[in-house]
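The structure under discussion appears below in the form of structure tokens.
So that the names make sense, note that chain A is the first sequence line, chain B the second, and so on, each numbered from 1.
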Amino acid sequence: MKAFSRATVLYNRESECGARRLGLKLKADGLRPGHFFMLRSPNTIDPLLSRPLGLYRVLDAAGEVLPVKRQSPFSGEGIEFLYNVVGRGTTLLSEKQPGDELQLLGPLGNGFPLPQDLGTDKAIMVGGGMGIVPFYLMAALLKDGLFLFGARGAADAALAEDFSGLPCRVEVSTEDGSVGAKGLVTALLARELTPDSLVYACGPPAMLKAVAAMAASAGARSYVSLEKTMACGIGVCLGCAVKIKAEHAGARGQLKMVCSEGPVFDSVTIDWDDIC
Amino acid sequence: MKAFSRATVLYNRESECGARRLGLKLKADGLRPGHFFMLRSPNTIDPLLSRPLGLYRVLDAAGEVLPVKRQSPFSGEGIEFLYNVVGRGTTLLSEKQPGDELQLLGPLGNGFPLPQDLGTDKAIMVGGGMGIVPFYLMAALLKDGLFLFGARGAADAALAEDFSGLPCRVEVSTEDGSVGAKGLVTALLARELTPDSLVYACGPPAMLKAVAAMAASAGARSYVSLEKTMACGIGVCLGCAVKIKAEHAGARGQLKMVCSEGPVFDSVTIDWDDIC
Amino acid sequence: MSEKNLHIKENKIDSSVSLGGLNLKNPVMTASGTFGYGLEFTPFMDLASLGAIIVKGLSLKPRCGNPAPRIAETPCGMLNAIGLQNIGVDAFISDKLPLLADIDTHVIANIFGETVEQYCEVARRLEDCETVKAVEINISCPNVKRGGIVFGVDPVEAAKVVSTVKKSVKRLHVMTKLSPNVTDIKVMVRAVEEAGTDSISLINTLSGMAVDVEKRSPRLGTVTGGLSGPAIRPVALKMLWEAAGVAAVPLIGVGGITTTRDALEFIIAGAAAVQVGTASFMDPSASQSVAHGIDDYLKRHSMTLSELRGSLSTP
Amino acid sequence: MSEKNLHIKENKIDSSVSLGGLNLKNPVMTASGTFGYGLEFTPFMDLASLGAIIVKGLSLKPRCGNPAPRIAETPCGMLNAIGLQNIGVDAFISDKLPLLADIDTHVIANIFGETVEQYCEVARRLEDCETVKAVEINISCPNVKRGGIVFGVDPVEAAKVVSTVKKSVKRLHVMTKLSPNVTDIKVMVRAVEEAGTDSISLINTLSGMAVDVEKRSPRLGTVTGGLSGPAIRPVALKMLWEAAGVAAVPLIGVGGITTTRDALEFIIAGAAAVQVGTASFMDPSASQSVAHGIDDYLKRHSMTLSELRGSLSTP
Ligand SMILES: Cc1cc2nc3c(=O)[nH]c(=O)nc-3n(C[C@H](O)[C@H](O)[C@H](O)COP(=O)(O)OP(=O)(O)OC[C@H]3O[C@@H](n4cnc5c(N)ncnc54)[C@H](O)[C@@H]3O)c2cc1C
Ligand SMILES: Cc1cc2nc3c(=O)[nH]c(=O)nc-3n(C[C@H](O)[C@H](O)[C@H](O)COP(=O)(O)OP(=O)(O)OC[C@H]3O[C@@H](n4cnc5c(N)ncnc54)[C@H](O)[C@@H]3O)c2cc1C
Ligand SMILES: Cc1cc2nc3c(=O)[nH]c(=O)nc-3n(C[C@H](O)[C@H](O)[C@H](O)COP(=O)(O)O)c2cc1C
Ligand SMILES: Cc1cc2nc3c(=O)[nH]c(=O)nc-3n(C[C@H](O)[C@H](O)[C@H](O)COP(=O)(O)O)c2cc1C
Ligand code: FES
Ligand code: FES
């Protein structure tokens, strides 16, 4: 259930790879892979806007990561985020201590369509950098998942270890070749892609565009999770508009809101030229 | 030496009386009773303005309150503030943890004129509430000080225990009579005031006005530390103007800046009608 | 301006207010463009706690708005260049309005056009929709017939829009929303008042801009946009106060209202009602909190809303 | 407008700039009223790191300014109603100027008056003071001969002040500082440019107000005051950019500049130089940090200041 609530910080620590893990105590249900929350510091109006972060993992009452069961939607007593410090909002977030409170709005967005609903029990997940986030829960839903993780270097790549308990094969590529295949994650995808693949992707826009193009030319379905600067997170400010190809535009026109109609889109509907 | 610097929080804890003690690691010299600092949180522009707090005590390298010697100006490796949480700025300040950094500008202001320079070695100090602040260091300079402390109740009054190691007699009054004399601190002053008294006062405006009037009619000298909302703390914004009686106005007119020409003023020069 | 603020004992506060015929249960509305069509907020608050909701600006035809990026954060504020994207008045009437028929608060439609005629046509189509109690005329729009100069900065053009809309409707209350981007807000107040507006809301966004210094490009797709949020509150409040000095019709204060205290500033300066805008992005229940907070203040100070209004004691 | 921005290799950056004859070692000045007479800042920074310092506004006679309270904090901003308190031009010349004779940066005097004649007289007295290199005309002052309407919101009156001051001086560079409280800044830019100003600085403070809701009284002794600080930056930047579209003389950006990045926004939008104002209250060395930061940016991007100026790439 979407709600605006206060949650207590359980932990907020830097992981091996530099990204931070933020655990919050929050009774939540209806959680799906690809959902996100808008987070803010209470009692501060600068920065003004809340910041969107994707749901990473679900916690139990003790603040431990829930052993994954193949059930969706998920529910738990806490949630975990994984985030990079890139600017003012995330810096402020990184200063929060256990016991501090945050305000958060969510779960928001459509989340990824479930493989089961798309008539399959397997999928190829492609994550670039923080694009790993939606795939922990997704991998937990699959009998036979494949996660292709594009990292910058060895530090980043260490995040893939989070997936070790999941019924999911993980392949890593790094730009510097220090771990896994050297090069871009799309090279890994090229090896695995077949016309009946179901591809999920999250990461930098250029990666998503490439994945969408590869899937399309292989005749495979692909769903991508997009990012846009957001103000409201609930479809009312119209700030996070993304352009839809004319042939896929509905009665409401060629724009869709990433926060409320996304962040996950069937990649064939996106006007990629408008994105990058 | 006036400086704009960063200082690390050593401690920031609530004392028995509800006021908070903030210890900062900062090499400082030239410190005098009545000096103040402008404090702010780095990396935040809301609240925009720094907040003035009076210098309370001086710390050694270990963060302990320096055993007082009769010397002025003081110098040390750290400074202590005593403050009440009243609004946004002080709330933000109260959230700082040991190890956090603050920005501070100071020492600022003229400070109290020293008794020695005024030809005496004793003085009556009158403090109301947080008006206790300048008198710890002042008491340390006197051979034979008298501190009259007006507190609201027993909790507040406990602060007077800070003065126990000092060569200073302490008399307390509380509004509710729970500790010391019942009533206002001005009643204590009435008992002690003689024409050759030297009176120092810090506290709410109404108290200062009353003290000034009492001293004047007893023919005694009195110096008061005033408060005004401040932006710059160094005499350039002209925001903290206080009105001087026409007969005491200099070439620069009837206004003086509390931050740079005060905060301590000879009470006969102040146009009290303009203050309260 | 008829009043209906009864201060009832026993801690029951009547904070209702009448804006020249439009009776609101309390003085808190939501600002156009920041509250969608209202229903988006039902998971977070009770719409019935509000005096009215003002929906996203409506034009005659659907509009798809401006290119991205459309929002940029600024110190205690945000810039937007949404470009008045909306589904058009007809889709609003057929798709959205039925869903709003049963909510227990008034619905006000914010309207705009590129010509005086378009404004009137939108208003006329809403005239027959019972659910809509008032139109708020957004005059901060370029007048395509006059080389794109904004209606809202020219008293003559603004008055023309208002008087023509006013003549096109009978049932609807007509509220006019002023632009702050003018030298003298009093001139605009007098102009729209003489043109027959029933009430005046102010302010719309301030013109602003931001630059990405690494890319050396504007942070909005349209280069400039509208500044809203707490940053603009002092400017909005000053204009409201100036307007209160000359206006006979009720005034509705808008601009940076985030907390109860902010709303009270406007009411004390002379506003009959207020609108909560950007704050709804920071906290979707902000408008409800403000409405409750005003009640609490009135209770605490044993005042009626009309006693509070304009109670500023000046030197 | 002659240029003198040489990009020298080996990490030596020349960030000097010529504002139509007035040569500054770098584009960073301090805004009037926020830097006292300069000397107050020597404990915290090196005045020589600045392109110029602009001192507190000077009038013909000393002025004691407005009643308290004179400042009030607002979201990311502050209101001031100092009332142009100053020691008067004669005391400035006799008491302050000698102390500034040896500092290694230019001194610019901000001047104002209640009549055109007073402006001119202040300027004339400064004409013979070698230490003062330019006057900045603050036209955001009430014209007592015209019922108190502010010079700066009326293009005719503003032009009269500027052309008369310009004729009263020979040696002094004349900079005109615009008020943002106008419908169209371009009209004011054209007016003062035709009147002969050598450069234009913008913006002065926005009109604003704040209320203490518990006391139900204004938070400034004069009810309304001037809003400054980061909150107003988007408005200032937009006006600078609009001005850059029509101005031939160099522009100096002012308004909410706190960091290097803020200053760069203005330069990229077309400013030849900038002024750091309220930021000096938050950090007395802010102006020096901005000056150094601009050098670092130019170095990092291998650009000259004149390449950077107006380099905004618009869609
Ligand atoms: C649906 C969604 C899910 C996301 N999930 C994650 C996640 O799980 N982990 C993670 O590390 N990051 C995630 N992000 C990105 C994250 O929101 C931004 O990194 C964050 O908002 C930056 O805030 P900042 O104040 O630190 O940076 P800023 O100082 O605001 O800007 C730094 C950079 O971040 C970009 N940015 C700023 N605000 C936003 C915003 N609201 N949305 C997107 N980009 C922005 C700016 O363009 C700039 O390049 C997600 C974004 C979206 C839209
Ligand atoms: C020279 C000087 C020395 C001081 N020393 C001490 C001290 O040692 N300990 C202590 O607890 N307090 C001291 N104060 C008062 C302290 O500065 C204020 O309590 C503080 O600034 C309030 O900030 P805030 O943001 O928490 O409150 P706000 O939310 O800003 O306001 C709360 C209340 O505090 C008042 N206030 C706000 N800002 C200021 C300001 N800049 N100056 C004065 N009053 C203000 C407001 O009028 C309001 O009534 C001193 C003030 C001055 C001028
Ligand atoms: C994203 C956004 C969209 C807006 N759309 C409209 C609109 O369609 N019509 C209108 O009159 N005002 C619109 N506004 C202006 C607001 O209604 C309000 O006047 C302004 O934001 C100032 O109030 P605030 O500071 O409380 O947000 C919009 C504001 C924002 C932030
Ligand atoms: C306390 C204060 C006093 C000011 N005094 C003057 C003045 O005397 N003359 C003037 O032209 N501008 C004056 N200003 C306006 C500033 O020079 C500047 O234009 C304005 O504050 C916007 O810049 P900022 O946001 O960087 O402060 C004053 C501003 C402040 C805050
Ligand atoms: S963030 Fe407001 S519509 Fe998407
Ligand atoms: S606080 Fe600026 S002059 Fe005193």
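- Within 6.0 Å of NZ in A:K25 there are 12 or fewer heavy atoms belonging to other residues, nucleotides or ligands.
- Between chain A and the residues C:G36, C:P67, C:C76, the most heavy-atom pairs under 4.5 angstrom are made by C:C76.
- With a 4.5 angstrom heavy-atom cutoff, C:P69 does not touch chain A via any of its atoms.
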Hey, can you pull the donor-acceptor pairs under 3.5 Å for the side chains in residues 86-98 of chain A, sequence neighbours left out?
from	atom 1	to	atom 2	distance (Å)
A:R88	NH1	A:D46	OD2	2.6
A:R88	NH2	A:D46	OD2	3.0
A:T90	OG1	A:V86	N	2.8
A:T90	OG1	A:G87	N	3.1
A:T90	OG1	A:G87	O	3.3
A:T91	OG1	A:G87	O	2.6
A:S94	OG	A:T91	O	2.6
A:K96	NZ	A:S41	OG	2.8

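- The line from CZ of C:F281 to OG of A:S50 is 11.0 Å long, rounded to the nearest 0.5 Å.
- At most 12 heavy atoms of other shown residues, nucleotides or ligands fall within 6.0 angstrom of atom CZ in C:R261.
- Within 6.0 Å of the NZ atom in A:K27, the count of heavy atoms belonging to other residues, nucleotides or ligands does not exceed 12.
- With a threshold of 4.5 angstrom between heavy atoms, A:L49 approaches chain C through its backbone and through its side chain.
- Heavy atoms of A:A3 lying under 4.5 Å from chain C belong exclusively to its backbone.
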TODO: Could you walk me through whether A:V236 and C:Y37 pass the side chain to side chain contact (heavy atoms under 4.5 Å, CB included) test, one step at a time?
DONE: CA-CA 8 Å; A:V236 300; C:Y37 299 102; over 6 Å; no
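- Nearest heavy-atom pair across A:I45 and C:P230 is CD1-CB, 3.8 Å.
- Looking at A:K243, there are no atoms closer than 4.5 Å to chain C (heavy atoms on both sides), in backbone or side chain.
- In this structure, the side chain of C:R70 engages the main chain of A:L238 through a donor-acceptor pair within 3.5 Å.
- Of all heavy-atom pairs spanning C:F44 and A:F4, the tightest one is CD2-N, 3.8 Å.
- Using a 4.5 Å cut-off between heavy atoms, C:P62 makes no contact with chain A at all.
- Among C:M282, C:M45, C:E40, the residue with the largest count of heavy-atom pairs under 4.5 Å with chain A is C:M282.
- Other residues, nucleotides and ligands place no more than 12 heavy atoms under 6.0 Å from the CG atom of C:D102.
- For A:M230, the part lying near chain C is the backbone, with the side chain staying farther off; criterion is any non-hydrogen pair under 4.5 Å.
- Note: C:D283 leads C:T278, C:T34, C:D283 in heavy-atom pairs under 4.5 Å with chain A.
- For A:R51 and C:E73, the salt-bridge test passes: some basic side-chain N is under 4.0 Å from an acidic carboxylate O.
- To the nearest 0.5 Å, atoms SG (A:C237) and CZ (C:F35) are separated by 14.0 Å.
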